[in-house]
Trainee: 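Before anything else, here's the structure in question.
Order of the sequence lines fixes the chain letters, A, B, ..., with proteins taken first and strands second; residue numbering starts at 1 for each chain.
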Amino acid sequence: MNNTRQIFLFLLLLILYFFLFPQRLPGELVPVWKSSTLTYDRQGQNEGVFLPVGSPAYRGYVSLETGTFIPLPSSPEKGISNSGYISGTSGDFDVYSSIGRYRFSINDGFIPFFLEERLFAVSPDRISMEEWSREGERIWRKDFGSVITSLDSGADYLVLGTLNGNITGLDNEGNRFFTYQFYSARHNAVFSIARSPDRQLAVVSGWPEQTLSFFEIKGKNGGYQLKKTIPAEASSARSFRMFYGKDKNSLLLSRETGNFLYDKKGLRKLAGSRQYQEGGFSIHGSYGASDNNSWHLYNRDASAHISFRSRLPFYFTKADSQFCFIYQNSMLLLSLEKIYE
Amino acid sequence: MNRKLLSALVILLFFRVFSSLYAHQWPWSESSLVSRFGIYHSDVFNKGLLFDKNGGETHRSESGESIFTDGTGLFPASVSGYQVYSEEDSYYTFYQKRPEHNFYMIYDRLGHCFLNPLFYISEMTSSGAGPMAGQFFLESPAGVFPLDDLPENFSSGTFRLLLSKDELDFYRIVIFLNGEDVLQLSFEAVEEINGSLYLKGEPAVSVSELSKGVYYNLGLIHLNPGMNDLEIIRQDFSGNSRATSEMINLKKNAE
């Protein structure tokens with residue numbers, strides 16, 4: 001009798017435990033959908049949180065509080081960030097704040113763009129680059145002697161790779177604090193470069209012999225250490241994006257041939273990522289579609305994903321932990337906040 | 001006069017024949033040339049050729065091996081879309097379809113420099129108009145003056161010969177002073193040395209620094225007191241030549 005009572009009590013506690021502390025299965029994402037129609041409103045936009053949307057079809061800001069969409073004037077040459085946007089055509093660009101206030105112009109022949117809330121501009125041949133402050137001052141300009149093929153930036157430093165196999169790190173004032181030249185392949189092009197907040201660096205270079213190299217940058221005044229080099233699948237000579245995971249020990253590679261993950265288990269292709277028709281990345285993750293219109297959305301370290309079927313292409317951007325999908329005349333906001341807590 | 005012109009043309013013909021060994025096809029069958037190698041657009045030196053968007057079939061050499069294609073979407077559309085091919089591992093050809101123009105560029109891997117693609121394209125457009133006159137200047141401590149409008153008190157000495165960088169419509173210049181060729185310069189290639197751009201010239205001016213200002217720095221020439229016969233012969237890629245002559249009368253009191 002006592003045993004029965006104890007078993008009953010144990011089961012009750014077990015049920016209570018799972019009720020109070022629900023376990024989420026690995027690989028599960030719980031999307032929270034918010035829908036909004038595309039209503040245009042430029043009133044009252046000084047307040048609240050706005051989401052920059054940079055899809056080819058729609059460019060503007062979405063109020064996350066009211067769901068209204070504020071479009072920007074159409075122009076083929078524009079970039080958008082949380083702090084502002086760029087308008088204009090070749091050779092004559094104007095930079096505006098996110099509330100549409102004119103800040104300054106860039107008309108030195110370079111083409112401006114935002115990367116991680118920093119404003120850069122690149123020469124038409126993509127050999128030179130410069131950075132602008134929010135006040136409209138050119139902070140630095142550098143000629144890299146070869147076409148820039150890949151770059152990654154954060155608030156503290158910028159790294160870039162070139163077609164001739166050189167990688168360079170620049171601090172916020174444009175000073176080169178490290179350089180490295182790849183020599184091992186017949187063609188030493190840098191196809192992708194990624195940096196982590198703790199000054200780790202990953203580089204995919206070389207064609208047709210392709211490698212994935214890991215560096216550790218030591219201090220602001222120069223110095224780096226090549227930690228490891230492994231063979232990478234040379235599936236195509238196409239540049240691609242890659243990101244460090246939140247745990248800093250995993251790396252997500254979004255290639256034309258699928259998404260790959262590198263962690264302590266090595267480099268491997270993610271399941272269901274073959275034959276991608278289209279792919280994309282934000283700071284929070286990646287997406288891609290297989291040939292049966294099945295879309296897969298991964299979180300940043302690729303530890304979880306959701307899949308759904310859609311014939312319609314979509315785009316996404318980021319603001320905090322929100323993804324924004326737009327197709328036809330409707331807009332959907334997808335919150336993935338919980339998986340990052 | 002005829003002998004000088006003939007010798008200049010022989011030199012030009014040699015380079016033209018030499019370059020045809022590496023002949024490439026016109027990159028886009030229906031596109032016309034919009035901007036040439038060496039012309040500045042705002043602050044940017046054009047290291048390749050700009051074509052209009054008429055497009056048509058893209059011509060690539062059969063031996064070219066694809067080694068790089070843009071795929072990240074990191075860069076603005078106007079500078080994206082690079083496709084890079086290796087030609088016998090010795091130089092790269094770049095094809096880029098921008099929203100407003102098509103862009104073509106050649107990089108010499110062994111010489112570490114960007115080549116003037118018009119040297120390597122077999123099929124030329126023929127304007128028939130001949131090269132533009134260009135604006136040449138002499139620089140002295142007193143300032144920069146057009147050749148045909150030197151101040152009266154301009155005295156003898158060593159001067160820097162400059163070319164307005166906005167009027168580059170020819171690819172080779174031969175300059176004679178009193179019957180002797182003193183400068184030969186071809187806009188054949190540009191290379192970066194310690195962050196500065198340099199034009200490669202053949203053969204008398206091997207390297208000529210590009211002024212960051214308004215002019216190309218073609219080199220130094222020494223003008224003597226009295227009459228100096230400065231003759232400038234230019235040739236464009238359509239095979240047209242133009243010769244102009246300037247008689248420069250200098251006073252004594254060398255600088």
Side-chain angles (χ1 to χ4, degrees), chain A residues 56 76-79 86 89-93 107-115 120-128 130 141-153 160 163-164 185-192 206-208 236-242 254-256 279-281, chain B residues 35 37 39-50 65-92 94 96 98-109 112-114 190-198 210 212:
Chain A
E77 292 292 347
K78 277 189 300 194
I86 304 160
T89 54
S90 60
D92 189 12
F93 297 94
N107 47 24
D108 59 0
F110 280 49
I111 295 103
F113 64 101
F114 286 105
L115 183 62
F120 299 103
V122 63
S123 62
D125 53 24
R126 236 167 70 187
I127 293 169
S128 303
E130 61 189 24
R141 176 188 283 187
K142 298 283 181 194
D143 190 306
F144 296 96
S146 183
V147 170
I148 301 165
T149 52
S150 183
L151 71 162
D152 193 12
S153 174
L160 57 85
L163 187 72
N164 65 357
R186 190 154 60 86
H187 301 284
N188 290 295
V190 172
F191 288 92
S192 189
W207 181 259
S236 75
R238 194 175 183 86
S239 64
F240 60 93
R241 302 291 303 275
M242 61 183 179
S254 179
R255 307 205 62 162
E256 189 182 34
F281 255 113
Chain B
S35 181
F37 175 92
I39 292 181
Y40 269 85
H41 297 279
S42 299
D43 285 350
V44 183
F45 179 92
N46 185 10
K47 299 186 183 77
L49 304 175
L50 279 181
E65 176 192 15
S66 174
I67 61 157
F68 180 83
T69 302
D70 263 336
T72 61
L74 264 172
F75 295 95
S78 53
V79 296
S80 292
Y82 260 123
Q83 293 192 349
V84 185
Y85 294 82
S86 171
E87 305 288 344
E88 299 170 353
D89 283 359
S90 58
Y91 57 97
Y92 292 151
F94 299 74
Q96 188 183 30
R98 302 174 181 169
E100 296 173 353
H101 296 109
N102 288 350
F103 181 64
Y104 180 71
M105 186 166 69
I106 301 178
Y107 180 75
D108 178 4
R109 292 186 70 192
H112 304 290
C113 58
F114 291 94
V190 64
E191 61 183 354
E192 188 219 351
I193 301 174
N194 297 328
S196 297
L197 293 174
Y198 290 82
L210 285 176
K212 294 290 186 186

Trainee: Can you measure from CG (A:Asp143) to CZ (B:Phe45) and round to the nearest 0.5 angstrom?
Mentor: 11.0 Å

Trainee: Are A:Pro124 and B:Arg98 packed together at the side-chain level, in the sense that at least one heavy-atom pair is separated by less than 4.5 angstrom?
Mentor: yes

Trainee: Let me know if A:Asn107 has heavy atoms under 4.5 Å from chain B in its side chain, its backbone, both or neither.
Mentor: backbone

Trainee: Looking at B:Gly71, is its backbone amide N or carbonyl O close enough to the side chain of A:Ser239 to form a donor-acceptor pair, meaning the two atoms are under 3.5 Å apart?
Mentor: yes

Trainee: Could you tell me which non-hydrogen atom of A:Pro112 sits nearest to which non-hydrogen atom of B:Pro76, and how far apart they are?
Mentor: O-CG, 3.7 Å

Trainee: Tell me, with the steps shown, if A:His187 and B:Val84 meet side-chain contact (heavy atoms from CB on, under 4.5 Å).
Mentor: CA-CA 11 Å; A:His187 301 284; B:Val84 185; over 6 Å; no

Trainee: Considering only heavy atoms, which portion of B:Glu65 lies under 4.5 Å from any heavy atom of chain A: side chain, backbone, both, or neither?
Mentor: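 It is the side chain, since no backbone atom gets that close.
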
Trainee: Is A:Ile127 in contact with chain B via its backbone, its side chain, both, or neither, using a 4.5 Å heavy-atom distance?
Mentor: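 Interface part for A:Ile127: side chain.
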
Trainee: Working to the nearest 0.5 angstrom, can you tell me the gap between B:Thr69 OG1 and A:Phe191 CZ?
Mentor: 8.5 Å

Trainee: Given a strict heavy-atom distance threshold of 4.5 Å, which part of A:Thr149 is in contact with chain B: side chain, backbone, both, or neither?
Mentor: both

Trainee: Could you list the residues that satisfy salt bridge (charged side-chain N to carboxylate O under 4.0 Å, His left out) with B:Arg109, not counting sequence neighbours?
Mentor: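 With neighbours one apart ignored, the set is empty.
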
Trainee: I need the residue from B:Tyr82, B:Phe103, B:Tyr92, B:Phe114 with the largest number of non-hydrogen atom pairs under 4.5 Å to chain A.
Mentor: B:Tyr82

Trainee: CZ of A:Phe93 to OG of B:Ser78: how many Å apart, nearest 0.5 Å?
Mentor: 5.5 Å

Trainee: Check whether any side-chain heavy atom of A:Ile148 sits under 4.5 Å from a side-chain heavy atom of B:Phe75, and report yes or no.
Mentor: yes

Trainee: What distance do A:Arg126 atom CZ and B:Phe94 atom CZ have between them, rounded to the nearest 0.5 Å?
Mentor: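 A:Arg126 CZ to B:Phe94 CZ: 10.0 Å, rounded to 0.5 Å.
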
Trainee: For B:Phe68, is it the side chain, the backbone, both or neither that has a heavy atom under 4.5 Å from a heavy atom of chain A?
Mentor: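 For B:Phe68, the contact with chain A is made by backbone and side chain together.
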
Trainee: Let's test your reading of the structure: which of A:Leu115, A:Asp152, A:Leu163 forms the most heavy-atom pairs below 4.5 Å with chain B?
Mentor: A:Leu163

